[in-house]
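Have a look at the structure below before the remarks.
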Amino acid sequence: MKHTPFTEKHVALGAKMHEFAGYNMPIEYSGIIDEHLTVCQAVGVFDVSHMGEFWVKGPKALDFLQKVTSNNVAALTPGKIQYTCFPNEQGGIVDDLLVYQYEPQKYLLVVNAANIEKDWKWCVDHNTGGAVLENASHHMAQLAVQGPQALATLQKLTRMDLSAIPYYTFVVGEMAGVKEVIVSNTGYTGAGGFELYFYPEHADAIWNAVFEAGQEFGIKPVGLGARDTLRLEMGFCLYGNDIDDTTSPIEAGLGWITKFVEGKNFINRAMLEKQKQEGVSRKLIGFEMIDRGIPRQGYELYAAAGDKIGVVTSGTMSPLSKLGIGMGYVQTELALPGTELYVDVRGRKLKAKVVKFPFRK
């Protein structure tokens, strides 16, 4: 298994470790519920150094990104970030990702850890115009410092005004004595906070400084288990569960990152534009359990009439509401909020209802 610059720290802290995307990653430390609540109420730190980072540079960078991503990269200015996806030729999604505009002809793509090699090949294969591509995944470490006390924690470590970094923007500056740290505000938890990108050789210095600064706020390390429950409470998609090579962004409720602007002839635009205009036969929904039970990925979904209508793509017990929540694809006519459906939980059909995202109000 591959390691991040923080793997030894996770082991020393007694984290429950498990393989994820080829990396030895912490799943939990003090327990998923405790870590989840820490992020919602105070501040937690995630090691997300396993994520992939690609630089796209040069005079052809924008043309390349307009071709391979669904969102309108031309709308970005330096310091702005965009959520987007790589559409494939069949109407599915190669991956979802973030695009950072670093400079007018320099962009940083942040991709999912499990898809680094697949995404890199996709970019290289479709780089017919001569953009300069660099896979920097092994030269970057990343910590996500999340929660309502994240700003107060990190502000101690920098002269940059972190309150002046709006959602989906970033700055580059000194943090904990380390220069050229990218500080961004995107968040995958819905609890506020920042992501720090830096060279791996600074990992110890930044980790130690962040935990010392956050001590008064009850800072804790957080594993991938709580990262999953936090993103699910917000209704954020997870690649490989809720979106994949067979799900279109229109079906997944990601029409807002699929921009059919003039001159942007991205991969499979025609098919996705047709879906947007004519509608789709299935949609990704969120549902909340009415009967007591926990939906899990792969559990079957049934209509009130008894017909099988889909499967759960993500599911858990919400640590905040103490209700079972989940996501899955159903026929469009069954996707209206309030629609009752049933989840087959170990042979028992338990009642649930379709609700609007996010689950966490």
Side-chain angles (χ1 to χ4, degrees), residues 32-33 36 85 87-88 90-94 96 114 190 225-258 268 271-361:
I32 290 174
I33 293 175
H36 183 113
C85 74
N88 65 23
Q90 291 76 44
I93 298 171
V94 177
D96 62 331
R227 190 167 173 80
D228 193 49
T229 57
L230 286 156
R231 69 91 192 168
L232 186 45
E233 277 189 347
M234 292 305 297
F236 295 151
C237 291
L238 175 64
Y239 194 90
N241 284 40
D242 315 300
I243 51 176
D244 59 29
D245 289 298
T246 70
T247 59
S248 94
I250 309 302
E251 293 173 335
L254 298 177
W256 61 279
I257 66 164
T258 312
N268 212 19
M271 179 178 177
L272 295 178
E273 196 163 16
K274 187 178 179 186
Q275 286 186 353
K276 183 100 170 183
Q277 291 167 351
E278 299 179 2
V280 287
S281 60
R282 64 172 188 165
K283 283 188 177 177
L284 183 67
I285 55 143
F287 64 87
E288 201 170 73
M289 299 302 297
I290 296 172
D291 292 337
R292 190 163 182 79
I294 305 176
R296 299 291 186 195
Q297 184 187 17
Y299 285 6
E300 294 179 342
L301 297 174
Y302 289 85
D307 300 328
K308 183 186 168 186
I309 55 171
V311 297
V312 177
T313 56
S314 290
T316 192
M317 173 69 76
S318 165
L320 284 181
S321 71
K322 303 293 193 292
L323 293 173
I325 58 173
M327 299 163 75
Y329 287 88
V330 299
Q331 292 100 305
T332 302
E333 59 270 21
L334 298 174
L336 290 171
T339 302
E340 288 192 351
L341 48 85
Y342 290 84
V343 185
D344 188 327
V345 180
R346 299 196 194 92
R348 294 167 58 225
K349 289 192 174 63
L350 303 181
K351 188 182 288 188
K353 66 176 178 182
V354 178
V355 296
K356 284 185 177 179
F357 297 124
F359 297 104
R360 191 193 314 155
K361 305 303 182 193

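- Taken to the nearest 0.5 Å, the CD1 atom of Ile250 stands 5.5 Å off from the CG atom of Leu272.
- Annotation: side chain to side chain contact (heavy atoms under 4.5 Å, CB included) contacts of Ile33 (sequence neighbours excluded): Leu37, Pro319.
- Listed by chain and residue number, Asp228, Asp242 satisfy the salt bridge (charged side-chain N to carboxylate O under 4.0 Å, His left out) test with Arg231 (two or more places apart in sequence, or in another chain).
- Met289 is linked by a side chain to side chain contact (heavy atoms under 4.5 Å, CB included) to Phe287, Pro295, Val343, Leu350, Ala352, counting only residues two or more places apart in sequence or in another chain.
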What do the steps show when you test Thr246 against Gln90 for side-chain contact (heavy atoms from CB on, under 4.5 Å), and what is the final call?
CA-CA 8 Å; Thr246 70; Gln90 291 76 44; over 6 Å; no
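- Qualifying salt bridge (charged side-chain N to carboxylate O under 4.0 Å, His left out) partners for Asp245, counting only residues two or more places apart in sequence or in other chains: Lys118.
- Residues passing the side chain to side chain donor-acceptor pair (under 3.5 Å) test with Ser318, sequence neighbours excluded: Glu233, Ser321.
- Residues forming a salt bridge (charged side-chain N to carboxylate O under 4.0 Å, His left out) with Lys351 (at least two apart in sequence, or on another chain): Glu340.
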Given side-chain contact (heavy atoms from CB on, under 4.5 Å), test Val354 with Leu336 step by step and report yes or no.
CA-CA 7 Å; Val354 178; Leu336 290 171; over 6 Å; no
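- Separating the OG1 atom in Thr316 from the CD1 atom in Ile294 is a distance of 7.0 Å, to the nearest 0.5 Å.
- Considering only residues two or more places apart in sequence or on other chains, Glu273 meets the salt bridge (charged side-chain N to carboxylate O under 4.0 Å, His left out) condition with Arg269.
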Give the intermediate values and the outcome of side-chain contact (heavy atoms from CB on, under 4.5 Å) for residues Ile243 and Asp96.
CA-CA 8 Å; Ile243 51 176; Asp96 62 331; 3.7 Å; yes
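- Rounded to the nearest 0.5 angstrom, Tyr239 OH and Asp244 CG are separated by 5.5 Å.
- When the side chain to side chain donor-acceptor pair (under 3.5 Å) test is applied to Lys308, the partners found at least two apart in sequence or on another chain are Glu300.
- The two residues Pro249 and Thr258 come nearest to each other via the heavy atoms CB-OG1, 3.6 Å.
- Side chains of Leu232 and Met327 form a contact here, defined as non-hydrogen atoms less than 4.5 Å apart.
- Residues satisfying the ring-ring contact (aromatic ring centres under 6.0 Å, His included) criterion with Phe359, sequence neighbours excluded, are Phe357.
- Rounded to the nearest 0.5 Å, atoms CD (Gln275) and CG (Asn268) are 8.0 Å apart.
- Applying the side chain to side chain donor-acceptor pair (under 3.5 Å) rule to Asn241 yields the partners Ser314; only residues at least two apart in sequence or on another chain are considered.
- Considering CG of Leu334 and CD1 of Ile309, their distance stands at 5.0 Å, rounded to 0.5 Å.
- Remark: Gln297 pairs with no residue by the side chain to side chain donor-acceptor pair (under 3.5 Å) rule, at least two apart or across chains.
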Assess whether side-chain contact (heavy atoms from CB on, under 4.5 Å) is satisfied between Leu284 and Cys237, documenting all intermediate values.
CA-CA 10 Å; Leu284 183 67; Cys237 291; 3.7 Å; yes
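- To the nearest 0.5 angstrom, Ile285 atom CD1 is 11.0 Å from Thr332 atom OG1.
- Sorted by first and then second residue, the salt bridge (charged side-chain N to carboxylate O under 4.0 Å, His left out) pairs with a member in residues 274-294 read Glu251-Arg282; sequence neighbours excluded.
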